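The structure appears right after this line, and notes come after that.
These numbers come from a predicted model, not from an experiment. The analysis underlying the following values was restricted to heavy atoms, covering all of them including side chains, and did not include hydrogens, waters or symmetry mates.
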Amino acid sequence: MSENQEKIGGDGPVHCSSGPVTPDMITLDVLDKYPVVYEIFLKYGMLCMDCMASAEETIGESCRVHCMDVDAVLDLINRSIADSKK
């Protein structure tokens, strides 16, 4: 596991903040609708924007493929989207 994956995974339970992105949303749809998510994915080595699977894979599935904690990623995504609207 990479250093970046460990940082976002955390040790304890993480509850994603309420927000527009949920684990069942298609990854490519999220990237298209919320460009701020590109930066998050790049930071943690998730190159979903270049992957053909992102058109059919959900955010939850993408996180699991990359051994990332789904709730932690969603929390970061939803906080970043909220911050970008301020």
Side-chain angles (χ1 to χ4, degrees):
M1 185 177 298
S2 76
E3 181 180 335
N4 284 337
Q5 289 170 325
E6 289 176 18
K7 286 181 184 175
I8 199 162
D11 291 327
V14 177
H15 303 284
C16 73
S17 61
S18 61
V21 178
T22 61
D24 62 331
M25 294 176 74
I26 299 296
T27 301
L28 189 59
D29 293 344
V30 172
L31 289 166
D32 286 341
K33 188 168 183 176
Y34 304 104
V36 69
V37 176
Y38 277 94
E39 296 171 26
I40 295 165
F41 279 15
L42 286 174
K43 180 177 180 180
Y44 293 101
M46 296 174 69
L47 304 178
C48 299
M49 62 289 291
D50 293 330
C51 179
M52 292 176 23
S54 67
E56 297 180 13
E57 196 171 71
T58 66
I59 290 287
E61 292 166 334
S62 295
C63 290
R64 284 187 287 280
V65 165
H66 291 278
C67 300
M68 307 294 273
D69 181 278
V70 177
D71 286 337
V73 172
L74 286 172
D75 183 59
L76 184 57
I77 286 172
N78 285 318
R79 282 188 287 121
S80 296
I81 291 168
D83 289 348
S84 72
K85 293 181 179 182
K86 291 181 180 178

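Put simply, Tyr38 and Val65 are part of two different groups of oily side chains (I, L, V, M, F, W, Y) that touch within less than 4.5 Å, one to the next. Leu47 and Leu76 fall within the same hydrophobic cluster, defined by Ile, Leu, Val, Met, Phe, Trp and Tyr side-chain heavy atoms under 4.5 Å apart, directly or through other members. Both Met68 and Val36 belong to a single network of hydrophobic side chains, linked directly or stepwise wherever heavy atoms of I, L, V, M, F, W or Y lie under 4.5 Å apart.
Residue Asp69 comes nearest to Asp71 through the heavy atom pair OD1-N, 3.1 Å, listed as atom of the first residue, atom of the second, then distance. Considering every non-hydrogen atom in both Leu74 and Pro23, the closest pair reads CD1-CD, 3.4 Å. The heavy-atom pair separating Cys63 from Val70 by the smallest distance is CB-CG2, 3.7 Å. Taking each heavy atom of Ile40 and Ser80 in turn, the nearest pair found is CD1-OG, 3.3 Å.
Rounding to the nearest 0.5 angstrom, the gap separating the OG1 atom in Thr22 from the CG atom in Asn78 is 8.5 Å. How far CD of Glu56 is from SG of Cys51: 10.5 Å, rounded to the nearest 0.5 Å. Between atom CG of residue Leu28 and atom CE of residue Met52 there is a gap of 12.0 Å, rounded to the nearest 0.5 Å.
Between Tyr44 and Val73 there is no side-chain heavy-atom pair separated by less than 4.5 Å. Between Pro20 and Met25, every side-chain heavy-atom pair lies at or beyond the 4.5 Å cut-off. No side-chain heavy atom of Tyr34 sits under 4.5 Å from any side-chain heavy atom of Ile77.
Between the side chain of Thr27 and the main chain of Thr58, a donor-acceptor pair closer than 3.5 Å is present.
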Exercise. Give the intermediate values and the outcome of side-chain hydrogen bond (donor to acceptor under 3.5 Å, both in side chains) for residues Glu57 and Ser62.
Key: CA-CA 6 Å; Glu57 196 171 71; Ser62 295; 2.9 Å; yes
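One finds no salt bridge joining Arg79 and Asp83 here, because no Lys/Arg side-chain nitrogen approaches an Asp/Glu carboxylate oxygen to under 4.0 Å.
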